[in-house]
Number of protein chains: 2
Amino acid sequence: MQTSEPGLRERKRAETRDKLETAAVTLALRDGVEHATLDAICEAADVSTRTFFNYFDSKEDAILGLKDSAISDEEVSSVLEEHAGADPVELAVRLMFQVLNPSITSSKLLKSRMKIVKQHPELLGRLASQFQRMGEQLTAAIRPVLNSAPGFRDDTPEDFQLSAEVVLALCSGAARAAVKEWATTGNKAPIEAVEERAIALVRKTVERLK
Amino acid sequence: MQTSEPGLRERKRAETRDKLETAAVTLALRDGVEHATLDAICEAADVSTRTFFNYFDSKEDAILGLKDSAISDEEVSSVLEEHAGADPVELAVRLMFQVLNPSITSSKLLKSRMKIVKQHPELLGRLASQFQRMGEQLTAAIRPVLNSAPGFRDDTPEDFQLSAEVVLALCSGAARAAVKEWATTGNKAPIEAVEERAIALVRKTVERLK
DNA sequence: TGCATTCTTGCATGATGTGCATTTTTACGC
DNA sequence: GCGTAAAAATGCACATCATGCAAGAATGCA
């Protein structure tokens with residue numbers, strides 16, 4: 001379980017990935033998302049275009065730094081452990097940000113990415129589809145907590161599944177809104193606060209709609 | 001204000017649109033969404049591929065029958081009028097289904113479309129992006145109602161905008177879930193019930209999370 | 001060193017989508 | 001009907017994205 005020495009192969013892979021992300025972000029910022037072509041990105045990263053798709057599913061994914069739509073069981077467990085006792089909403093949001101980390105919320109590319117998001121908010125749509133693709137994983141992850149919440153417990157499996165999806169949509173929307181707010185308002189708050197902000201947004205909304 | 005005679009031009013346009021939708025749905029059902037190519041669809045519809053894009057933005061849009069991402073002011077007013085006194089949630093959901101009508105919820109293609117959705121649930125992701133693209137319009141539409149709701153009223157404009165987006169995400173997710181449920185469970189309920197179901201889903205979720 | 005695995009690359013291919021100029025079709029006043 | 005203007009359809013060129021496949025290069029490991 002030790003993080004042993006990376007090894008040349010893994011190091012190179014990380015390096016290539018980083019070069020691709022950096023190139024994608026830099027060019028998207030300089031030329032605009034649509035004018036930053038795959039060819040240009042790959043040339044800047046000194047990588048063949050064919051290889052690009054060994055790392056990302058699409059250009060947008062590279063710009064946002066999204067990894068393959070999957071979260072490891074260890075990551076899930078770690079989140080569950082760190083926030084034991086949290087309610088479904090908090091858990092869902094934390095899981096989502098776990099996926100984005102370090103994609104969006106960290107690394108030297110953070111500021112540049114936020115500028116891009118500010119200019120191209122539609123990119124955040126990728127987050128939604130990312131979360132939707134992870135739908136099964138996420139529902140599975142919050143299932144126990146949701147199940148122990150009053151009300152949900154007595155749902156039929158179908159109703160339960162449906163309810164979980166709605167909860168996730170709500171949290172995903174709040175996460176997106178929080179990131180967008182943070183990107184738009186000049187990043188005054190520390191990035192860590194975005195997560196809390198998303199949770200607060202959900203709570204506020206629920207409170208008011210009730 | 002009378003719906004006067006359509007005129008040849010409009011009739012032909014509607015006809016072509018219908019041919020394209022029918023071809024798209026038929027081929028997607030027969031060959032699968034990914035194997036139903038633009039060329040095949042256009043050939044079946046007896047329309048040039050170039051013309052296709054005068055009607056739809058993408059293949060998926062044609063399969064789902066989504067119109068251009070805009071809702072006319074008349075449609076908005078009509079919904080607002082018909083459901084005067086409704087709360088923001090109901091209003092948002094009704095507006096969304098207004099967009100889908102007759103796209104998904106009506107017409108002879110309904111059953112086929114639901115079969116396709118059942119086999120390719122990821123298509124429903126288009127709904128989310130559609131709603132997101134309409135974000136400004138939708139927020140504008142529910143703004144007055146949201147503004148008269150306690151709690152929202154006192155937000156700063158920024159907070160208000162953010163809250164509106166979260167509400168819309170919630171409603172959009174519920175709409176998607178309701179459609180998916182309906183498509184998956186064999187269409188036992190009448191299609192009109194889907195809308196109510198979506199509203200109920202939102203309310204249930206809010207209730208439980210509070 | 002030698003072998004197996006993984007990664008990279010080039011090439012071919014297909015599909016989506018857009019701009020532009022041309023032609024065809026429709027609308028409408030005369 | 002006729003001619004003109006507007007709208008729509010079309011053909012064509014072109015760019016981009018994305019994937020499959022096979023050959024070659026780099027790495028890991030014994």
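Reminder, nothing fancy here: chain letters follow the sequence lines and each chain counts from 1. Heavy atoms only: backbone and side chains are in, while hydrogens, waters and symmetry mates are out.
Per the geometry, CZ belonging to B:F56 stands 20 Å off P belonging to C:dA15, to the nearest Å. For the pair A:D61 CG and D:dC17 P, the computed distance is 13 Å after rounding to whole Å. Summarising the geometry, the separation between CG on B:N54 and P on C:dT18 is reported as 11 Å, rounded to the nearest angstrom. Protein atom CG of A:L38 is 6 Å distant from nucleotide atom P of D:dA18, rounded to whole Å. Atoms NZ (B:K59) and P (C:dT16) sit 5 Å apart, rounded to a whole Å. With rounding to whole Å, A:E15 atom CD is found 14 Å from C:dC7 atom C1'. If you measure from atom CD of A:E34 to atom P of C:dT18, you get 12 Å, rounded to the nearest angstrom. Between the CG atom of A:D39 and the C1' atom of C:dT9 there is a distance of 14 Å, given to the nearest Å.
Dashed line: the shortest gap from a side-chain N or O of B:R13 to OP1 or OP2 of D:dA9 is under 4.0 Å. Using a 4.0 Å cut-off, some side-chain N or O of B:S48 falls inside it from OP1 or OP2 of D:dT10.
The pair A:E15-A:K19 does not count as a salt bridge, with every side-chain nitrogen at least 4.0 angstrom from each carboxylate oxygen. A salt bridge links A:R94 with A:E196; the closest basic N to acidic carboxylate O contact falls under 4.0 Å. Under the 4.0 Å criterion applied to side-chain N and carboxylate O atoms, B:K108 and B:D18 are assigned as salt-bridge partners.
For B:S58, counting side-chain heavy atoms from C-beta on, the closest listed nucleotide (C:dG17, D:dA9, D:dC21) is C:dG17. Of the candidate nucleotides C:dC7, C:dC11, D:dA9, C:dC7 has the atom lying nearest to any side-chain atom of A:Y55. Listed candidates were D:dC12, C:dT16, D:dA8. Nearest to the side chain of B:R50 is D:dC12. Listed candidates were D:dG11, D:dT16, C:dA15. Nearest to the side chain of B:T37 is C:dA15.
Between A:A174 and B:V166, the closest heavy-atom pair is CA-CG2, 4.1 Å.
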Give the intermediate values and the outcome of side-chain contact (heavy atoms from CB on, under 4.5 Å) for residues A:L66 and A:V99.
CA-CA 8 Å; A:L66 296 181; A:V99 176; 5.7 Å; no
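Of the residues listed (B:V79, B:V93, B:V76), the one engaging B:Q98 in a side-chain contact (heavy atoms from CB on, under 4.5 Å) is B:V79, and it is the only one.
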Dump the pairs, protein N or O against N or O of nucleotides 26-30 of chain D, anything under 3.5 Å, distances to one decimal.
unit_1, atom_1, unit_2, atom_2, d
D:dT27, OP1, A:K12, NZ, 2.8
D:dT27, O3', A:R9, N, 3.4
D:dT27, O2, A:R9, NH2, 3.2
D:dG28, OP1, A:L8, N, 2.9
D:dG28, OP1, A:R9, N, 2.6

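Position along DNA chain C of the nearest nucleotide to A:T16 versus B:F53 favours A:T16 as the more 5'-ward residue.
For the pair B:R176 and B:F131, the cation-pi criterion (under 6.0 Å, within 45° of the ring axis) is not fulfilled.
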